[in-house]
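Both counts, for ligands and for their atoms, begin at 1 and track the order of listing. Heads up: numbering here begins at 1 and tracks the sequence.
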Amino acid sequence: GGAVSQQTIVITGLAGLAAGAFSMAAGEYTSVASQRELVEAELDVERRELRKHPMDEERELAELYESRGVDAELAREVARQLSRDPEQALEIHAREELGIDPADLPSPLVAAVSSFGAFALGALLPVLPYLLGATALWPAVLLALAGLFA
Ligand SMILES: [Zn+2]
């Protein structure tokens with residue numbers, strides 16, 4: 001006796017899936033949102049620096065190109081031309097100094113949705129055989145293992 005009904009397994013599995021997927025998604029959202037705030041704060045600092053000390057920033061850029069092997073005079077000229085447009089200047093400083101692409105900041109929503117999907121898929125695999133009417137445990141174990149390696 002003591003056999004757990006198929007229905008119970010499916011319902012328990014799906015409930016766990018939903019709870020887990022939502023909490024994973026919420027956690028991911030929070031973490032990416034705070035990461036993005038940090039990045040935006042760094043961008044603000046750089047933007048302010050560019051406005052307050054444009055010449056220092058231009059020199060900084062020239063030194064960077066020089067350190068990469070560009071002739072001093074050419075490096076200064078490239079830095080001067082690239083610094084003309086403030087938006088472009090910010091983009092270059094962000095990429096070179098912070099390793100950030102301001103046009104491609106992490107999206108909390110995208111991260112949350114994809115982590116929800118990944119978790120739901122992983123949790124759905126072991127339940128799948130029961131949904132399809134299996135009564136033995138091994139198909140579920142097999143699929144769970146396959147999911148782990150995938
Ligand atoms: Zn800078």
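Between R59 and E63 there is no salt bridge, since none of the side-chain N atoms of the basic residue sits less than 4.0 Å from a carboxylate O of the acidic one.
Take the Zn ion (ligand 1) as the corner point: the lines to OE2 of E46 and to OE1 of E57 open at 90°, to the nearest 10 degrees. Rounded to 10°, the angle that ND1 of H93 and OE2 of E97 form at the Zn ion (ligand 1) is 70°.
Interatomic distance, CG of L50 versus CE of M55, reported as 12.5 Å (0.5 Å rounding). Taken from CD in Q81 to CD in E58, the straight-line distance is 10.0 Å, to the nearest 0.5 Å.
Y29 and M24 fall into different hydrophobic clusters, where Ile, Leu, Val, Met, Phe, Trp and Tyr are joined by side-chain heavy atoms under 4.5 Å apart, directly or via other members.
Taking the N/O/S atoms of E60 in turn, the shortest distance to the Zn ion (ligand 1) belongs to OE1.
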